[in-house]
Chemist: 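What follows is a structure written as structure tokens; I'll ask about it next.
In what follows, chains are A, B, ... by sequence order, proteins preceding strands, each numbered from 1.
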Amino acid sequence: MPGSETKVVPRVVNPLVLGKTAGFLIDRGYCMPTHDMSVAPPARPAEMDRAYEPQQVEQPLYDWWERAGFFAPRDDAPNPPFVISIPPPNVTGELHLGHAMFVTLEDLMIRWRRMQGYRALWLPGTDHAGIATQSQVEKLLRSEGTSREQVGREEFLRRTWEWKAKYGGEITCQLRRLGASCDWSRERFTLDEGLSRAVHTAFKRLYDNGLIYRGAYLVNWSPSLSTAVSDLEVEYETRNVSIWYVRYPIITADWDGPAADWGSGNWAAGATEWITVATTRPETILGDTAVAVAPDDERFAHLVGKYAVLPALGRRIPIITDEYVDKEFGSGAVKITPAHDKNDYEVGKRHDLPMINIMNKDATINAEGGPYAGQDRFDCRKAILADLETEGMLVQTAPHTMSVGISQRGGEVIEPLLSEQWFVRVKPMAEMALAAVQEGRTCIIPERFEKVYFHWLENIEDWCISRQLWWGHRIPVWHMPDGSMVAPHPDEPLPADGVQDPDVLDTWFSSGLWPFSTLGWPEDTPDLRTFYPTSVMETGYDILFFWVARMMMMGCYLTGVEPFHTIYLHGLVRDEHGRKMSKSYGNVVNPLEVMDRQGADALRFTLATSGTPGQDLNLNPQRIEAARNFANKIWNITRFVIGKLDDWRENRTAIPAAVALTLSDRWILSRYHRLLADVGRLMEGYNFGEAGRHVHDFLWSEFADWYVEIAKVQLEGDAERQANTRAILFTVLEGALRLLHPFMPFLTEAAWQYLNPASNATDGAHHTIMLAAYPTADDDHDAAEAEAAFDLLRELIVSIRNVRNEYKVEAARWVAATVVGGPHTAMFQEQAALISRLARVDDAKLDIIATLDEKPRHVAALVIGEIEAFLPLAGMIDLDVERARLAKELETAESDVSRRAARLANANFVDKAPEHVVQREREALESARAALERLRERLAALE
RNA sequence: GGGCGAUUAGCUCAGUUGGUUAGAGCGCCACGUUGACAUCGUGGAGGUCAGUGGUUCAAGUCCACUAUCGCCCACCA
């Protein structure tokens, strides 16, 4: 690949998916080198809609972002690169929640780092997915009445590429719908030219270094797919099966083998000694080449060295001893089938036993099976059991539980089969991958997965990389007429008289190179120099071994550096009750439908905030609903703020020093900056969910519920007060939108565009929230006293509302109130307008005084620490109700006082607890005592 | 056979290094169209943080054991 430019593979426009996602397809075929700020954002109605309509907003915004090149890393970014390689979805894939999960988290990180000024690159692509894709095309051929064998390899590959061209773009369109800010100009496919070259180069290097070998070994065979698969592609399932005890006759001085035909019932007539073996797979008897017993098992000692006769075939097989045999299990004697069982294979090698393969590629019995040749493995099992019965050799049938290997792809029982395959000797690579994590060059989040990773790599076995498929990277080895093998370098000419190996590589072989092959490796490209090693590998923990560990091994070995510094593993998405989503169960949630209904942001926010790192997530539809409502809430906050800004945006005023601000102003600014600090800390610690929840709670419970309501009052004040309020409304909302942008990209951009109309731009550029700076906290706004005072004010207001509610005062009615503020009197007097408006107290009838000698009677009273308030709810006070209410409060106050007093009476607490904790406890006790005293007075006054 | 995770309100989940009275959403009860929002507002009810023991002035949080559920790894015929 040429050095200075990035090769762009033109995107294929798929006519079948035009419709819903049509607007997301941008077939430009060239790379945007920089962001183009002259591209205008989509047109929008002058007035904001009454409700947030994601369907109207998302597609045009994405289109704009992509067209303007905002997804590409900018060369002039002030901070270093931040790179994520996408976990490439299968080209055959259809968007599911697993995709939605990784897109949410990775896009969140990328957008966040991009806003922080990092040179953020999220490199997308797709995987050719050998088996999955080949199966799709085979299905297609079947429907045409033909097969891959009939059309031949070349035609089959042509058809598969055709299929890929037609459907391969679908999944990337669907990723776009989620808002994925991938740099599509760098999109890759595992079978494209550059990556194929990387695969070839990697193979060649491993081959030359002796890490790839070929040989006949026992492999996991998937009969329906007719290919070998790796150990990882076998899933074990506990099943209740039968275990059969079968006795083999022994050759003795009196008996020299069967005289009658197999099946006659007299086959073993005359035999005097027997040895009984136990098996769960009777058909493998046909491949037995020995019977093994434990070396110290006296029961069988007299048989060792003798020969048993194999049922049906009459083969004489030796009785041997081997440490592998467990005396306690089964009959104590084990039939040894070296070509069809992993343990038996080892025993066979130790004793130099013949290895007889009794099966064809489709798991039917071959000629070695004698009378059973041609039968399917399970038919043969039934047949041979019946015959054993006939011959009186089936001693016992017992129920048994065992774990059965199932083909992850094919779904049928895996058959251990002896066959010629290619392997990678992984130990040397595994050691490098282990060291990278052990030495902290790469860390895994959550940390507990490090143990899993270590355990797997420490016990790793060689990796079977050859597949008997056609769709994939063909093994770059040529078999020569003289029987030798040649593995040419990609630049070398192909051996003229050689024949290329027919097998292809395991899909995970090419995936293992993904973080660097996508950047141009093995060439020394600018992209590789700039963006490798990558930053974070984010993916589900279910592919830790399949993919992550292999990238670590390949990356460390081939590039000499660990391919990423952080591995972030997310959990699996389950249904609302923790069940795995499955089509047969009918509990599958389709992300496309969710987005159609509630918008991409609602889905993203739910996925990001519903759980905790590395933990499985139970997706509750009500949470998506809540997230949708949150989006609408933000939309309407924005609508309100814009409506109140008037011409402030054209003539912006700064937020003045704290002395010129109201208590509420100082409170919200202090809370806002505390939020910025918290979110910053949480994001840096990969606690994205907690960060999102913080923003949510702040925006809804503090900004909307309180400051926005207060702003309505402050905007009735003088010009200066109004300007300050507008400045704060704008600043806090605009900042919170930026804070939330990585979580809810569409909504925040849409709202932000209204807040910052392009017509305002002085530089003629169209700005995007995507490239606005991520907000950071400023200590100057820290106002702990303002927060404390505001809390008191808020508590007073809530208490008044509470009393009003209890006495069923109509919401619209203005009431009278007397507030006895004690040391806080001045503060309450200053906030009288807020108390009046927010608690609906008639300002003409709101008395705020420091002390009150004569306590009123027949009023509702409320007590907050040393503060009291009285509501003379004329004619509504029921003394019994009031007495009960106060008595209940008194009870809690009493327990509060006694608990705190006891704590402070404990010398150990006062001595050992930190000073601020003790101090806080003292203040709380004082306040509780004051409240208790007031409550007693009030109760007394009711007598 | 090893290893890991979970157990907190009716449901689904948070709870950063131990530190006031354990939080949210949904659901529930009562009230409410006051000009941003009924996809909403106001107030409220609801939890011995699975159990037992320990460490500590202080435990949902740390330690040990137990129970239940789930997952991963492992060659038992």
Side-chain angles (χ1 to χ4, degrees), chain A residues 48 50-52 236 243 277-281 284 292 324-326 328-331 333-337 341-346 400 402-403 446 448-449 451-452 455-456 459 541-542 544-545 571-572 576-578 598 609-612 614-623 625-644 678 681-682 685 687 689-690 693 696-697 701 704-705 708-709 712 798 801-806 808-812 837 840 892 895-896 899-900 903 906-914 916-918 920-921 923-925 928:
Chain A
M48 291 177 80
R50 283 183 65 83
Y52 175 57
Y236 288 90
I243 184 164
V277 297
T279 180
T280 53
R281 295 187 299 153
T284 63
Y324 156 69
V325 181
D326 176 0
E328 311 300 320
F329 192 90
S331 65
V334 186
K335 61 189 274 311
I336 303 298
T337 321
D341 182 276
K342 204 177 169 193
N343 294 309
D344 294 6
Y345 178 78
E346 298 298 326
H400 185 64
M402 62 179 280
S403 61
R448 64 185 142 88
F449 285 107
K451 217 168 154 180
V452 183
H455 183 260
W456 191 73
N459 297 286
Y541 65 71
D542 54 328
L544 178 61
F545 306 141
L572 273 35
E576 60 192 300
H577 299 294
Q598 286 148 318
T609 60
S610 286
T612 196
Q615 210 64 47
D616 287 354
L617 180 152
N618 296 352
L619 183 68
N620 188 339
Q622 288 174 333
R623 281 192 92 116
E625 194 77 11
R628 195 268 317 243
N629 294 351
F630 178 46
N632 189 58
K633 185 75 181 180
I634 294 169
W635 184 259
N636 275 290
I637 293 170
T638 308
R639 210 155 77 92
F640 168 80
V641 170
I642 286 170
K644 296 298 180 189
D678 288 345
R681 176 177 49 78
L682 290 164
N687 291 308
E690 196 61 12
R693 288 186 289 266
H696 170 275
D697 292 350
S701 307
D705 286 354
V708 163
E709 293 307 315
K712 291 173 185 172
V798 169
R801 288 170 174 171
N802 181 6
V803 171
R804 292 176 56 112
N805 246 299
E806 281 192 31
K808 307 261 187 283
V809 178
E810 309 95 278
R837 188 72 78 81
R840 219 159 170 84
T892 53
S895 73
D896 202 24
R899 195 183 54 250
R900 289 177 196 288
R903 196 173 294 162
N906 183 340
N908 273 327
F909 172 70
V910 180
D911 287 350
K912 294 185 181 171
H916 73 273
V917 173
V918 178
R920 196 169 50 197
E921 198 61 25
E923 285 162 14
L925 177 61

Chemist: In whole angstrom, give the distance that lies between atom CG of A:Asn636 and atom C1' of B:C40.
Modeler: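 Rounded to the whole Å, the gap is 9 Å.
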Chemist: Under 4.0 angstrom, heavy atoms only, what part of the nucleic acid is A:Ala631 near: base, sugar-phosphate, or nothing?
Modeler: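 No contact.
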Chemist: OP1 or OP2 of B:A77 sitting under 4.0 Å from any side-chain N/O of A:His400?
Modeler: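 Checking B:A77 against A:His400, a side-chain N or O does come within under 4.0 Å of OP1 or OP2.
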Chemist: Using whole Å, report how far CG of A:Asp911 lies from C1' of B:C57.
Modeler: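 Going from A:Asp911 (CG) to B:C57 (C1'), I get 9 Å.
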Chemist: For the side chain of A:Lys712 and the base of B:A36, is some donor closer than 3.5 Å to an acceptor across the two?
Modeler: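 By the distance-only test, yes, there is a pair.
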Chemist: Sticking with atom C1', work out how far B:U68 lies from B:U52, rounded to a whole angstrom.
Modeler: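 One C1' to the other, the span is 15 Å.
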Chemist: Taking only the C1' atom of each, what is the distance from B:A64 to B:G46 in whole angstrom?
Modeler: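 Comparing C1' positions in B:A64 and B:G46 gives a spacing of 33 Å.
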Chemist: May I ask you to evaluate whether A:His577 reaches the phosphate of B:C11, defined as a side-chain N or O under 4.0 Å from OP1 or OP2?
Modeler: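 For A:His577, the contact criterion (side-chain N or O under 4.0 Å from OP1 or OP2 of B:C11) is not met.
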Chemist: Check side-chain contact (heavy atoms from CB on, under 4.5 Å) between A:His400 and all other residues, then give those that pass, not counting sequence neighbours.
Modeler: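 With sequence neighbours excluded, A:His400 shows a side-chain contact (heavy atoms from CB on, under 4.5 Å) to A:Val241, A:Ile243, A:Thr280, A:Phe329, A:Met402, given in chain and number order.
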Chemist: Taking only the C1' atom of each, what is the distance from B:G44 to B:G27 in whole angstrom?
Modeler: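 That atom pair is separated by 14 Å.
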Chemist: Using the ring pair (Phe, Tyr, Trp, His ring centres under 6.0 Å) criterion, which residues pair with A:Tyr345? Sequence neighbours excluded.
Modeler: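 Testing A:Tyr345 for ring pair (Phe, Tyr, Trp, His ring centres under 6.0 Å), a comparison that skips the adjacent residues, returns none.
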Chemist: Within the structure provided, determine whether A:Thr284 and A:Asp341 are in side-chain contact (heavy-atom separation under 4.5 Å).
Modeler: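 Side-chain contact under 4.5 Å: no.
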Chemist: Would you mind checking if A:Arg900 and A:Asp896 are paired as a salt bridge, meaning a charged N to carboxylate O distance below 4.0 Å?
Modeler: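 Salt bridge: yes.
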Chemist: With sequence neighbours excluded, what pairs up with A:Phe640 under the ring pair (Phe, Tyr, Trp, His ring centres under 6.0 Å) test?
Modeler: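 Partners of A:Phe640 under the ring pair (Phe, Tyr, Trp, His ring centres under 6.0 Å) test: none.
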Chemist: Counting any heavy atom closer than 4.0 Å, what does A:Ala626 reach on the DNA or RNA strands: base, sugar-phosphate only, or nothing?
Modeler: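 Answer is sugar-phosphate: A:Ala626 comes under 4.0 Å of backbone atoms only.
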Chemist: Applying side-chain contact (heavy atoms from CB on, under 4.5 Å), can you list everything that pairs with A:Arg448, at least two apart in sequence or on another chain?
Modeler: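 Listed in chain order: A:Pro446, A:Gln615.
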Chemist: Tell me which nucleotide among B:U12, B:U21, B:A6 gets nearest to the side chain of A:Gln615.
Modeler: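 Nearest to the side chain of A:Gln615 among the choices is B:A6.
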Chemist: Would you mind reading off the distance between A:Arg623 atom CZ and B:A14 atom C1', rounded to a whole angstrom?
Modeler: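 My rounded result for the distance is 8 Å.
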Chemist: Is the phosphate of B:G19 approached by A:Arg920 (side-chain N or O, under 4.0 Å from OP1 or OP2)?
Modeler: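 Result: no.
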Chemist: Hey, does the side-chain of A:Arg899 have a donor or acceptor N/O within less than 3.5 Å of a partner on the base of B:U21?
Modeler: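 By the distance-only test, no, there is no pair.
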Chemist: Look at the side chain of A:Val325 and decide which nucleotide, out of B:C57, B:U39, B:A77, has an atom nearest to it.
Modeler: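 Of the candidates, B:A77 comes closest.
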Chemist: NA contact type, A:Thr612, heavy-atom cut-off 4.0 Å: base, sugar-phosphate, or nothing?
Modeler: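 Touches sugar-phosphate only.
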Chemist: Counting heavy atoms from C-beta on, name the nucleotide in B:A77, B:U21, B:G19 closest to the side chain of A:Val917.
Modeler: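 My answer, after comparing the listed nucleotides, is B:G19.
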Chemist: Across the strands shown, which category fits A:Lys808 at heavy-atom distances under 4.0 angstrom: base, sugar-phosphate, nothing?
Modeler: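 Answer is sugar-phosphate: A:Lys808 comes under 4.0 Å of backbone atoms only.
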Chemist: Would you tabulate the nitrogen or oxygen pairs shorter than 3.5 Å linking the protein to nucleotides 45-47 of chain B?
Modeler:
none

Chemist: Using a strict threshold of under 4.0 Å (side-chain N to carboxylate O), is an ion pair present between A:Arg920 and A:Glu923?
Modeler: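 Looking at A:Glu923 and A:Arg920, the cut-off is not met.
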Chemist: Would you tabulate the pairs of protein nitrogen or oxygen atoms and nucleotide nitrogen or oxygen atoms of nucleotides 41-43 of chain B closer than 3.5 angstrom?
Modeler:
{"unit_1": "B:G41", "atom_1": "OP1", "unit_2": "A:Lys633", "atom_2": "NZ", "d": "3.2"}
{"unit_1": "B:G41", "atom_1": "OP1", "unit_2": "A:Trp700", "atom_2": "NE1", "d": "2.5"}
{"unit_1": "B:U42", "atom_1": "O3'", "unit_2": "A:Arg801", "atom_2": "NH1", "d": "3.3"}
{"unit_1": "B:G43", "atom_1": "OP1", "unit_2": "A:Arg801", "atom_2": "NH1", "d": "3.3"}
{"unit_1": "B:G43", "atom_1": "O4'", "unit_2": "A:Asn805", "atom_2": "ND2", "d": "3.2"}
{"unit_1": "B:G43", "atom_1": "O2'", "unit_2": "A:Asn802", "atom_2": "OD1", "d": "3.3"}

Chemist: In terms of side-chain heavy atoms of A:Asn629, which of B:A36, B:C76, B:C40 is nearest?
Modeler: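 Ranking B:A36, B:C76, B:C40 by closest atom to the A:Asn629 side chain puts B:C40 first.
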Chemist: For a 4.5 angstrom cut-off between non-hydrogen side-chain atoms, does A:Lys633 reach A:Ile637?
Modeler: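 Side-chain contact under 4.5 Å: yes.
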Chemist: Is it the case that atom CD in A:Glu328 sees more than 12 heavy atoms from other parts of the structure closer than 6.0 Å?
Modeler: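 Not more than 12 within 6.0 Å, no.
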Chemist: What's A:Glu709 touching, base or sugar-phosphate or nothing? Going by heavy atoms closer than 4.0 Å.
Modeler: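 Contact class for A:Glu709: base.
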Chemist: How far does the C1' atom of B:C49 sit from the matching atom of B:C37, given to the nearest Å?
Modeler: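 Roughly 36 Å separates the two C1' atoms.
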Chemist: Starting at CG of A:Leu619 and ending at P of B:G25, how long is that distance when rounded to a whole Å?
Modeler: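 From A:Leu619 CG to B:G25 P: 18 Å.
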Chemist: Toss me the dot-bracket line for RNA chain B: Watson-Crick and G-U wobble, both under 3.5 Å, 5' to 3', using | for pairs to another strand and [ ] for crossers.
Modeler: (((((((..((((.....[...)))).(((((.......))))).....(((((..]....))))))))))))....
Chemist: Are side-chain N/O atoms of A:Asn906 and A:Arg903 paired as donor and acceptor at under 3.5 Å?
Modeler: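 No, because no side-chain N or O of A:Asn906 sits under 3.5 Å from a partner of the opposite role on A:Arg903.
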Chemist: Does the side chain of A:Glu346 come within less than 4.5 Å of A:Tyr324's, by heavy atoms?
Modeler: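 No; the side chains remain at least 4.5 Å from each other.
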Chemist: Base, sugar-phosphate, or nothing for A:Glu921, non-hydrogen atoms under 4.0 angstrom?
Modeler: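 Contact class for A:Glu921: none.
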Chemist: Taking the C1' atom in each of B:C65 and B:U16, what is the distance between them to the nearest angstrom?
Modeler: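 Looking at atom C1' only, B:C65 and B:U16 are 28 Å apart.
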Chemist: Could you list the residues that satisfy ring pair (Phe, Tyr, Trp, His ring centres under 6.0 Å) with A:Tyr52, not counting sequence neighbours?
Modeler: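 Once residues adjacent in sequence are excluded, the partners of A:Tyr52 under the ring pair (Phe, Tyr, Trp, His ring centres under 6.0 Å) criterion are A:Trp635.
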Chemist: Can you name the residues that form a side-chain hydrogen bond (donor to acceptor under 3.5 Å, both in side chains) with A:Arg50, not counting sequence neighbours?
Modeler: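 None.
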Chemist: Taking OP1 and OP2 of B:C40, is either one under 4.0 Å from a side-chain nitrogen or oxygen of A:Asn632?
Modeler: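 For B:C40, neither OP1 nor OP2 has a side-chain N or O of A:Asn632 closer than 4.0 Å.
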Chemist: For A:Tyr541, check ring pair (Phe, Tyr, Trp, His ring centres under 6.0 Å) against everything at least two apart and list the hits.
Modeler: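 With sequence neighbours excluded, A:Tyr541 shows a ring pair (Phe, Tyr, Trp, His ring centres under 6.0 Å) to A:Phe449, given in chain and number order.
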Chemist: Could you tell me which residues satisfy side-chain contact (heavy atoms from CB on, under 4.5 Å) with A:Ser610, sequence neighbours excluded, listed by chain and number?
Modeler: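 Only A:Thr606, A:Leu617, A:Arg623 meet the side-chain contact (heavy atoms from CB on, under 4.5 Å) criterion with A:Ser610.
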Chemist: Using a 4.0 Å heavy-atom cut-off, does A:Met402 contact any base of the nucleic acid, only the sugar-phosphate backbone, or nothing at all?
Modeler: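 The residue A:Met402 makes sugar-phosphate contact but no base contact.
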Chemist: Would you classify A:Glu625 as touching base, sugar-phosphate or nothing, given that sugar-phosphate means primed atoms plus P, OP1 and OP2, and contacts are heavy atoms under 4.0 Å?
Modeler: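 A:Glu625: no heavy atom of the nucleic acid under 4.0 Å.
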Chemist: Between B:G43 and B:U48, how far apart are the C1' atoms? Round to whole Å, please.
Modeler: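 That atom pair is separated by 27 Å.
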Chemist: How would you label the contact of A:Arg804 with the nucleic acid (heavy atoms, under 4.0 Å): base, sugar-phosphate, or nothing?
Modeler: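 Since no nucleic acid heavy atom lies under 4.0 Å of A:Arg804, the category is nothing.
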Chemist: Under 4.0 Å, counting only non-hydrogen atoms across every strand here, what does A:Gly614 touch: a base, just sugar-phosphate, or nothing?
Modeler: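 Nothing: the residue A:Gly614, judged by heavy atoms under 4.0 Å, touches no strand.
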Chemist: Enumerate the protein-to-nucleotides 70-74 of chain B contacts in which both atoms are nitrogen or oxygen and the separation is below 3.5 Å.
Modeler:
none

Chemist: Send over the distance from A:Arg628 CZ to B:C26 P, rounded to a whole Å.
Modeler: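 Taking atom P of B:C26 as the reference, CZ of A:Arg628 is at 11 Å.
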Chemist: From C-beta outward on A:Arg840, which listed nucleotide comes closest to its side chain: B:C75, B:C57, B:U34?
Modeler: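 Nearest nucleotide to the side chain: B:U34.
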Chemist: What distance, rounded to whole Å, do you find between the two P atoms, one in B:C63 and one in B:G18?
Modeler: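 Nearest-Å result for B:C63 against B:G18 at atom P: 11 Å.
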Chemist: Between B:G25 and B:C40, how far is it from one C1' atom to the other, in whole Å?
Modeler: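 Here B:G25 and B:C40 have their C1' atoms 15 Å from each other.
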